Amino acid sequence: MGKSKVLVVGGTGYVGRRIVKASLAQGHPTYVLKRPEIGLDVDKLEMLLGFKKQGAHLVEGSFSDFQSLVDAVKLVDVVICPMSGAHHRSHNILMQLKLVQAIKEAGNIKRFLPSEFGFDPARMGHALEPGRVTFDEKMIVRKAIQDAKIRFTYVCGAAFASYFAGNLSQMGTLFPPKEKVLIYGDGNAKVTILEEDDIAAYTIKTIDDPRTLNKTLYLRPPENELSQKQLVEMWENLIGKKLEHISISEQDFLASMKGMDFAGQVVVGHLYHMFYEGALTNFEIGEEEEEASKLYPEVKYTRMDEYLKLYT
């Protein structure tokens with residue numbers, strides 16, 4: 001059998017463009033939904049044309065035209081939808097319900113990978129308001145997938161390096177602090193951090209793998225399962241300088257939500273679960289679940305000490 005044909009919906013997004021790149025690199029016939037809603041966003045246009053130059057097929061389709069979605073889905077074997085669930089960018093999780101309907105209508109899809117990649121929403125029933133909306137909506141999409149009897153893989157479990165590594169997990173900046181670093185609690189909760197291209201590489205590996213069919217794949221390569229303190233120490237060793245560590249208690253951190261806008265409150269809630277609860281790593285991977293680095297040792301994922309060198 002040849003490699004599955006892949007449709008990426010949201011292919012110009014933060015994760016989506018990396019999914020397209022990984023799909024092409026791993027030799028899959030790759031289709032990218034070209035949505036008229038991009039309007040005059042010339043950066044997205046240039047990205048789409050760049051994909052075409054690399055061998056991707058552009059397929060016109062819109063969430064406001066159901067038949068166009070069905071027609072696009074019928075061209076491929078696998079659909080991946082890395083649409084944004086981040087409130088500071090665009091929050092489109094429930095738009096995937098139309099895509100689920102289109103996949104059901106088309107009836108030909110071997111596997112669907114919805115927008116996941118971070119926390120496993122099935123483990124976040126206790127999540128704080130207002131940030132729990134992300135997990136609740138992802139669970140609505142999962143229920144729709146399972147009600148429609150669509151085969152799936154859920155890829156979960158990693159913090160994005162661009163947001164959590166280079167800035168030493170500080171809020172409000174993407175660059176490392178120069179003098180002082182805020183430490184969440186005791187700084188010892190473990191967090192899995194992965195470079196975004198590695199997340200995409202693991203994702204594409206799953207699509208023709210029977211071991212991941214109707215399962216959750218966790219992105220937890222052991223060398224990238226780090227505490228915030230370990231991450232800060234890596235940076236201090238690289239620059240040859242000790243930063244001032246300022247610890248913020250759980251209570252003070254949650255109190256900082258007051259007065260923030262909605263997006264800021266969501267971020268605080270998610271950081272709380274990540275750095276105070278260790279919610280990305282504080283559980284054992286079960287029998288109906290898999291871990292990416294064990295299944296795909298050939299993926300040479302970027303270690304965070306190497307990644308941090310980009311910021312020196």
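Small disclaimer: the values here were computed from a predicted structure and weren't measured. The analysis underlying the following values was restricted to heavy atoms, covering all of them including side chains, and did not include hydrogens, waters or symmetry mates. We number each residue from 1, following the sequence as shown.
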Next on the checklist: Walk me through whether Gln265 and Asp261 qualify under side-chain hydrogen bond (donor to acceptor under 3.5 Å, both in side chains).
Outcome noted: CA-CA 6 Å; Gln265 290 181 33; Asp261 62 13; over 6 Å; no
Say whether, by atom type as modelled, one donor and one acceptor occur between the side chain of [X] and the main chain of [Y] under 3.5 angstrom.
X      : Y      : result
Glu46  : Asp43  : no
Thr281 : Lys190 : yes
Asn92  : Met95  : no
Asn167 : Tyr163 : yes
Ser23  : Ile19  : no
Lys215 : Phe152 : no
Ser169 : Phe164 : yes
Gln26  : Ala201 : yes
His273 : Val268 : no
Asn214 : Thr153 : no

Flag this pair as yes if the NZ/CZ of [X] is under 6.0 angstrom from the six-membered ring centre of [Y] and inside a 45 degree cone about the axis; otherwise no.
X      : Y      : result
Arg303 : Tyr307 : no
Arg220 : Phe283 : yes
Arg151 : Phe112 : no
Arg123 : Phe119 : no

Rounded to the nearest 0.5 Å, how far apart are [atom1] of [X] and [atom2] of [Y]?
X      : Y      : atom1 : atom2 : answer
Leu99  : Ile80  : CG    : CD1   : 11.5 Å
Glu225 : Leu194 : CD    : CG    : 10.5 Å
Arg132 : Lys138 : CZ    : NZ    : 14.0 Å

Checklist entry - Please walk me through it: do Lys229 and Asn188 pass side-chain contact (heavy atoms from CB on, under 4.5 Å)? => result CA-CA 6 Å; Lys229 276 192 173 178; Asn188 291 323; 3.8 Å; yes
Shortest non-hydrogen contact from [X] to [Y]?
X      : Y      : result
Lys74  : Ala106 : CG-CB, 3.7 Å
Ile204 : Ala22  : CG1-CB, 3.7 Å
Ala122 : Met139 : N-SD, 3.6 Å
Val133 : Phe262 : CG1-CZ, 4.3 Å

Polar contact flag, side-chain donor to acceptor under 3.5 angstrom, [X]-[Y]:
X      : Y      : value
Thr212 : Arg111 : yes
Tyr14  : Glu196 : yes
His245 : Gln228 : no
Ser115 : Gln96  : no
Glu60  : Ser68  : no
Asn237 : Glu233 : no
Asp208 : Ser4   : yes

Using ring centroids (six-membered ring only for Trp), state whether [Y] and [X] fall under 6.0 Å.
X      : Y      : value
Phe275 : His270 : no
Tyr301 : Tyr296 : no
Phe253 : Tyr272 : no

Checklist entry - Should we count NZ of Lys241 as having more than 12 external heavy atoms under 6.0 Å? => result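 Above 12, so yes.
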Item to check | Atom NZ of Lys104 with >12 non-hydrogen neighbours under 6.0 angstrom | outcome: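 Incorrect, the count does not exceed 12.
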Next on the checklist: So if I apply the side chain to side chain contact (heavy atoms under 4.5 Å, CB included) rule between Leu219 and each of Leu280, Asp198, Val155, which one comes out positive?
Outcome noted: Val155
Checklist entry - Going through the distances and angles, do Tyr218 and Asp120 end up as a side-chain hydrogen bond (donor to acceptor under 3.5 Å, both in side chains)? => result CA-CA 8 Å; Tyr218 291 104; Asp120 179 357; 2.5 Å; yes
Checklist entry - Which is it for His28 and Ile207 under the side-chain contact (heavy atoms from CB on, under 4.5 Å) test, yes or no, and what are the steps along the way? => result CA-CA 10 Å; His28 291 274; Ile207 62 178; 3.5 Å; yes
Checklist entry - Would Glu37 and Ser62 satisfy side-chain hydrogen bond (donor to acceptor under 3.5 Å, both in side chains), going step by step from the backbone distance to the final call? => result CA-CA 8 Å; Glu37 288 84 357; Ser62 171; 2.4 Å; yes
Next on the checklist: What I want to find out is whether Asp197 reaches Arg18 closely enough, with some N-O distance under 4.0 Å, to be called a salt bridge.
Outcome noted: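 Looking at Asp197 and Arg18, the cut-off is met.
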Checklist entry - Given Val9 and Val79, is the side-chain contact (heavy atoms from CB on, under 4.5 Å) satisfied, shown in steps? => result CA-CA 7 Å; Val9 179; Val79 177; 4.2 Å; yes
Next on the checklist: Working note: Tyr154 + Ile145, criterion side-chain contact (heavy atoms from CB on, under 4.5 Å); need CA distance, chi angles, decisive distance, verdict.
Outcome noted: CA-CA 11 Å; Tyr154 303 140; Ile145 291 167; 4.1 Å; yes
